[in-house]
Amino acid sequence: MTEAPVRTLLLWCPDWPVLAAELVDGVPATGAVAVLHANRVVACSETARAEGVRRGLRKREAQGRCPRLTVVDHDPGRDARAFEPVVAAVEELVAGVEVVRPGACALAARGPARYLGGEEAAAERIIEHVAQTCAVESQVGIADGVFAAGLAARDGRVVPPGGTPGFLAGLPVEALGRPALADLLRRLGVRTLGGFAALPAGDVLARFGFDGALAHRLAAGRDHRPLAVRRPPADLAVTADHDEPIDRVDAAAFAARALAERLHDRLAAHGLACTRLGIEAVTADGQELHRVWRHDGLLTAAAVADRVRWQLDGWLTGSAGRPGARPTRPTAGIIRLRLVPDGVLARADLQPGLWGETGEERERAHRALSRVQGLLGPEAVVTAVLGGGRSPDDQVRLVPWGDERLPARPGEPPGPARAGAASSGRGTSPPWPGRLPPPAPAVVLPAPLAATVHDAAGEPVGVSARLQLTATPARLAVGAARPVEIVGWAGPWPVDERWWSPAEARRRARFQVCLADGAALLLAVESGQWLVEAIYD
């Protein structure tokens with residue numbers, strides 16, 4: 001027999017990334033503000049929306065619609081830290097609060113409705129208390145299940161018991177929060193959640209897979225989590241005691257990653273995955289801290305580590321927030337950290353590989369590298385992350401192993417597939433005029449080497465103001481080494497950077513050359529001087 005969805009109250013703070021930027025960084029949320037991730041708008045203020053800014057727009061298009069737009073980089077850690085006082089304010093009235101994401105938290109509606117005089121009275125009381133305590137505007141939605149309550153919160157609506165399927169039926173399929181699935185459904189003629197819910201469940205699973213089946217349950221008003229979630233046995237929780245109290249965010253983040261790995265391994269041994277995570281901490285003076293995070297899908301080890309890091313960051317740094325908001329920083333360092341898988345699911349969507357478990361080799365390598373970090377520190381193992389830029393050294397950022405792999409600049413260098421997409425107008429990377437074509441060099445020199453280039457007659461080769469070579473390159477000499485014959489070359493790729501600032505302006509041209517000894521080099525000429533910037537493999 002199918003269990004009915006739990007009657008859920010969800011508190012939602014509109015435009016939370018924008019509000020968090022005001023609380024933490026002082027960016028006025030009343031102005032035209034847009035939060036960007038990967039060069040696209042993920043949130044914007046009401047003033048920016050009035051000027052035509054919408055989610056999903058590119059930065060340049062958003063600034064074209066609103067020239068006075070203030071752009072802020074997306075920072076999930078900042079959003080989580082700023083949301084901590086709001087959750088604490090809700091917990092002063094009710095128990096069992098679960099953080100859905102920064103800006104939204106949920107709880108069972110039955111308890112608050114009973115002792116606050118009904119569901120509508122409970123919603124009004126919570127909204128008023130958050131406004132008085134944190135000076136934050138919020139809306140509350142109540143419905144059967146977290147998904148429907150989140151949609152109801154957009155309108156501040158209380159859906160009557162049993163009326164959730166009817167409430168969802170008229171909403172567009174984009175409300176599922178799965179753009180690829182919504183686009184496919186629209187092309188198939190399914191435009192509303194009611195139309196999607198009317199499809200046979202077996203056909204949906206066969207056509208759209210496991211995630212599509214979960215979305216189908218949500219569209220029908222049947223929250224999938226309570227159906228499979230169970231109370232885990234006590235031995236699934238993991239605990240770490242620290243002799244030295246943790247009072248720094250970087251130390252807390254390192255401890256969080258190690259503990260998240262232990263939790264993930266323990267759950268994997270039981271064939272389980274976490275969907276709702278309890279984070280508990282005890283300080284040196286006995287103060288106990290607790291928070292619950294929940295997730296739409298299965299929490300991986302990296303996702304668990306991120307949420308623990310965000311939560312510890314929120315506890316250790318506190319948040320002064322708006323005037324009147326109470327600080328949340330504990331009075332002493334953390335000496336005990338405990339992770340409790342408050343909700344688990346069987347890992348039914350993962351199948352074993354032909355010669356072992358899926359990703360077994362990668363997991364083994366990950367454990368080995370994490371062990372090295374445990375011995376030598378987080379910076380001992382780093383990963384090169386490619387991003388946007390014109391030069392090879394601009395496009396590479398070294399990230400500690402296990403941290404979020406975000407490029408230093410938006411836009412990935414185009415490989416063969418990306419180059420084709422860009423030429424057909426479907427590229428998603430921002431333009432970088434003067435960027436080198438693939439392949440990328442294997443070695444980027446930390447300091448360029450001086451070189452000279454001569455033509456067949458032995459005369460120096462230069463580049464004119466019109467980016468024309470004065471002669472055909474014939475020989476290259478690096479430093480004091482003997483000249484080597486050039487058998488092939490390509491270029492120039494000109495770069496004219498910061499021309500609007502004479503003090504920072506830089507003008508150069510780059511060439512790819514192949515030498516008779518088999519070497520392939522990336523050369524640059526700047527102010528008449530040839531330089532070796534990188535070496536191709």
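Computation of the quantities below employed the complete heavy-atom set of this structure, encompassing side-chain atoms and omitting hydrogens, waters and symmetry-equivalent molecules.
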Would you give the length of the straight line joining atom OG1 of T133 to atom CD of E92, rounded to the nearest 0.5 angstrom? 5.5 Å
For P28, is there any backbone N or O sitting under 3.5 Å from a side-chain donor or acceptor partner on T30? no
Just verifying a value: how many Å separate D79 CG and H74 NE2, rounded to the nearest 0.5 Å? 6.0 Å
Going by the rule side chain to side chain contact (heavy atoms under 4.5 Å, CB included), which residues pair with T192 if we only count those two or more places apart in sequence or in a different chain? none
R68 vs T47, side-chain contact (heavy atoms from CB on, under 4.5 Å): CA-CA, chis, key distance, verdict: CA-CA 11 Å; R68 57 193 180 91; T47 303; 3.8 Å; yes
Just by modelled atom types, is the V33 backbone N or O under 3.5 Å from a matching donor or acceptor in the S45 side chain? yes
For residues G163 and D144, report the shortest heavy-atom separation together with the two atoms involved. N-OD2, 4.5 Å
Check this for me, if you would: do R257 and E261 make a salt bridge, where the nitrogen-to-carboxylate-oxygen distance has to be below 4.0 angstrom? no
Residues in side chain to side chain contact (heavy atoms under 4.5 Å, CB included) with D285, at least two apart? T283, Q287, T331, A332
When every non-hydrogen atom of V27 is compared with those of T70, the smallest separation belongs to CG1-CG2, 4.1 Å
To the closest 0.5 Å, what do you measure between CH2 (W315) and NE2 (H290)? 8.0 Å
Pairwise side-chain contact, D25 with R78, heavy-atom cut-off 4.5 Å (strictly under): yes
Who pairs with L205 by side chain to side chain contact (heavy atoms under 4.5 Å, CB included), at least two apart in sequence or on another chain? A213
Take V308 and L337, measure what side-chain contact (heavy atoms from CB on, under 4.5 Å) needs, and give me the verdict at the end. CA-CA 10 Å; V308 178; L337 183 61; 4.3 Å; yes
Taking salt bridge (Lys or Arg N to Asp or Glu O under 4.0 Å) as the test, write out the residues that go with D241, two or more places apart. R336
Please assess L193 against F167 for the test side-chain contact (heavy atoms from CB on, under 4.5 Å), listing each intermediate value before the final yes or no. CA-CA 10 Å; L193 296 185; F167 163 69; over 6 Å; no
Inter-residue atom distance L176.CG - L214.CG, 0.5 Å rounding: 11.0 Å
Determine, for E288 against R338, whether the closest basic-nitrogen to carboxylate-oxygen distance falls under 4.0 angstrom. no
Looking only at heavy atoms, what is the nearest atom pair of A255 and H242, with distance? CB-CE1, 3.8 Å
Are R65 and L57 close enough that some pair of their side-chain heavy atoms sits under 4.5 Å apart? yes
Given E280 and T239, is the side-chain contact (heavy atoms from CB on, under 4.5 Å) satisfied, shown in steps? CA-CA 9 Å; E280 300 175 356; T239 305; over 6 Å; no
Do P172 and R186 have side chains that approach each other closer than 4.5 Å (heavy atoms only, starting at C-beta)? yes
Please check this pair: side chain of R58 against backbone of N39, looking for a donor-acceptor N/O pair closer than 3.5 Å. no
Closest heavy-atom pair and its distance - R291, V99: CD-CG2, 3.5 Å
To the nearest 0.5 Å, tell me how far H129 NE2 sits from E91 CD. 10.5 Å
So does W12 get a backbone contact from the side chain of Q139, meaning a donor-acceptor N/O pair under 3.5 Å? no
Close side-chain approach of C105 and V86, heavy atoms under 4.5 Å: no
For atom CZ of R55, is the number of surrounding heavy atoms from other residues, nucleotides or ligands below 6.0 Å larger than 12? no
Heavy-atom side-chain contact between L339 and I279 under 4.5 Å: yes
Heavy-atom nearest pair, A89 first then C134, reads CB-SG, 3.9 Å
Distance-only criterion, 3.5 Å: show the donor-acceptor pairs between side-chain atoms of residues 106-126 and protein atoms not counting sequence neighbours.
{"residue": "Y115", "atom": "OH", "partner": "L93", "partner atom": "O", "Å": "3.0"}
{"residue": "E119", "atom": "OE1", "partner": "R7", "partner atom": "NH2", "Å": "3.0"}
{"residue": "E119", "atom": "OE2", "partner": "R7", "partner atom": "NE", "Å": "2.9"}

In Å, rounded to the nearest 0.5 Å, how long is the span from CZ of R81 to CG of D75? 6.0 Å
I want to check something: taking the side chain as every heavy atom from C-beta on, are F83 and L19 in contact at a cut-off of under 4.5 Å? no
Minimum heavy-atom separation for S138 and I127, please, with both atom names. O-CG2, 3.8 Å
A side-chain contact here means heavy atoms from C-beta on lying under 4.5 Å apart; do L218 and R178 qualify? yes
R207: which residues meet the side chain to side chain contact (heavy atoms under 4.5 Å, CB included) condition with it, sequence neighbours left out? L184
